[in-house]
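Quick notes on the structure that follows.
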Amino acid sequence: MPQMFHAASSPGPKRTPLPAARPPTPDAPRPQRPDTRRGPSGEQRDPFFDNAKYLAIVLVGLGHSWANVMSDNRLVQTAYTVVYVFHMPAFVIISGYFSRNFDLRPHRLKRLLTGVLVPYVVFQTAYSLFRIHVGHTGDPHVNLFVPWYLTWFLCALFVWRLTAPVWRMLRRPLPVALAVAMLASVTPGMGGLLDMQRVLQFAPCFVLGMCLKQEHFRLVRRRAVRIASVPVFALTVAAAWWAAPGMQIGWLYRNAAAQDLGAPWWAGPVTVLALFACAVLLTACFLAWVPGRRLWCTALGAGTLGGYLLHGFVVKGVLYAGGFEPDWVHGPLGALVVTVVAAAGVTLLCTPAVLRVFRCVMEPRMDWAFRRIAPQPAGGPGGTDGRAAVSGQAGRAETAEKAGAAPGR
């Protein structure tokens with residue numbers, strides 16, 4: 001009883017008074033409400049990356065469409081050249097950024113197989129059959145080891161993801177990746193199998209993405225960078241206009257060695273370094289103008305895989321049907337029509353409705369094919385789930401930007 005009385009009458013813990021709230025200063029940035037929207041796996045998504053992926057996939061569709069109408073149109077040739085310098089490097093850099101924590105744990109390997117390898121097999125087969133039976137081309141074979149048209153990105157992403165732990169072990173991964181790319185550029189005849197020329201020549205962009213952090217993306221989105229990007233783009237357009245008539249466009253595809261393009265061997269390493277520098281610079285300028293807030297197109301950033309893998313059927317279908325043959329299509333009006341239709345078509349293919357229809361082949365679960373995998377902790381050395389979209393905070397793990405992202409999910 002005395003003990004009970006003593007406990008009841010003893011004073012409670014001393015409370016520290018809260019500091020008085022300071023009124024916001026005029027120069028202090030206003031706190032932004034966190035984006036509570038969730039991706040397919042229940043993760044938070046950063047609108048900036050979804051906006052970037054959507055804009056990049058539109059540029060991919062425009063590039064594939066412009067290729068069919070630019071022969072007699074210098075303006076389209078210029079736009080095509082500028083876009084091809086940075087649009088795929090931008091996708092590869094973003095893919096590398098979301099792969100920076102990828103490791104060989106079972107649940108991540110499963111997602112790599114179902115989210116990259118299976119779509120590659122399905123669409124490589126589908127595009128080959130489309131080429132054979134609709135395009136009536138001379139090659140009647142389906143070869144899963146020689147990517148055709150746009151399926152090379154999935155093949156490359158599979159290889160890059162598997163080698164991500166190796167890049168992460170190296171002290172200076174970017175110089176090593178550049179050295180490998182330069183060696184590939186002087187090795188003729190290796191571009192067919194798994195499109196290894198592209199895999200190796202684009203590898204520095206992927207490794208660069210793995211080395212980036214959130215603060216690097218915040219850095220390029222500053223107002224000063226945005227202003228500086230305007231003259232950079234203007235000079236790039238002027239240089240592309242001047243070089244377009246005599247330019248060897250094959251350099252931009254990065255799928256051939258210097259000797260394959262009829263150039264001396266030393267031109268390969270020099271061009272690799274020059275294109276990498278230009279790609280990084282223009283990608284930074286592009287990202288500087290990507291909005292960071294949620295827009296009407298933000299939700300489409302989650303469906304860029306559909307836009308990437310499906311728009312090729314439309315472009316090739318129009319080509320096989322003779323839709324790019326009329327003379328007016330190669331004039332200014334035709335180029336404008338092709339641009340508007342291509343952008344609208346890619347946008348439509350990125351919508352959630354299309355993604356739901358094709359999810360069975362783009363993001364199959366395939367639980368029946370794998371042994372049961374124990375649940376993995378959200379944190380730890382390897383980061384979080386491999387397919388989670390970035391939430392805007394450092395430490396979120398990789399997302400498969402399949403597409404180009406086949407870039408991006």
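For the single chain, residues carry numbers from 1 onward in sequence order. Worth saying up front: this structure is predicted, and the values here are computed from it rather than measured.
- Using a cutoff of 4.0 Å between basic side-chain nitrogens and carboxylate oxygens, Asp103 and Arg161 are not scored as salt-bridged.
- Between the side chains of His141 and Asn143, no donor N or O sits under 3.5 Å from an acceptor N or O.
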Derivation of the side chain to side chain donor-acceptor pair (under 3.5 Å) call for Thr81 and Trp241: CA-CA 9 Å; Thr81 301; Trp241 175 273; over 6 Å; no

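- Classification of the Phe123-Phe313 ring pair by plane angle, with boundaries at 30° and 60°, yields tilted.
- Of the possible donor and acceptor atoms, one in the side chain of Trp289 sits under 3.5 Å from a partner among the backbone N and O of Arg226.
- You'll find the ring centres of His64 and Tyr149 inside the 6.0 Å limit.
- Checked against the 6.0 Å centroid criterion, the rings of Phe130 and His133 do not qualify as a close aromatic pair.
- You'll find the ring centres of Tyr84 and Tyr253 inside the 6.0 Å limit.
- For Phe91 and Tyr308, the ring centers are positioned 6.0 Å apart or more.
- To the nearest 0.5 Å, atoms CZ (Arg198) and CE (Met88) are separated by 8.5 Å.
- For Phe86 and Phe286, the gap between ring centers is short of 6.0 Å.
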Atom pairs and distances, donor-acceptor, side-chain atoms in residues 200-210, under 3.5 Å, two or more places apart:
{"unit_1": "Gln201", "atom_1": "NE2", "unit_2": "Gln197", "atom_2": "OE1", "d": "2.7"}
{"unit_1": "Gln201", "atom_1": "NE2", "unit_2": "Ala256", "atom_2": "O", "d": "3.3"}

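- For the residue pair Trp160 and Ser95, no side-chain donor N or O sits within less than 3.5 Å of a side-chain acceptor on the partner.
- From Arg100, atom CZ reaches atom SG of Cys211 across 11.5 Å, with rounding to the nearest 0.5 Å.
- The CG atom of Leu287 sits 11.5 Å away from atom CG of Leu219, with the distance rounded to the nearest 0.5 Å.
- Between Tyr97 and Phe217, the ring centre distance stays below 6.0 Å.
- With hydrogens and angles left out, the side-chain atoms of Thr298 and Asn51 include a donor and acceptor closer than 3.5 Å.
- Taking NE2 of His87 as the reference point, atom CG of Leu62 lies at 9.0 Å (rounded to 0.5 Å).
- Annotation for Arg74: atom CZ counts as buried by contact number, over 12 foreign heavy atoms lying within 6.0 Å.
- Side chains of Trp265 and Ser185: no donor on one and acceptor on the other come within 3.5 Å.
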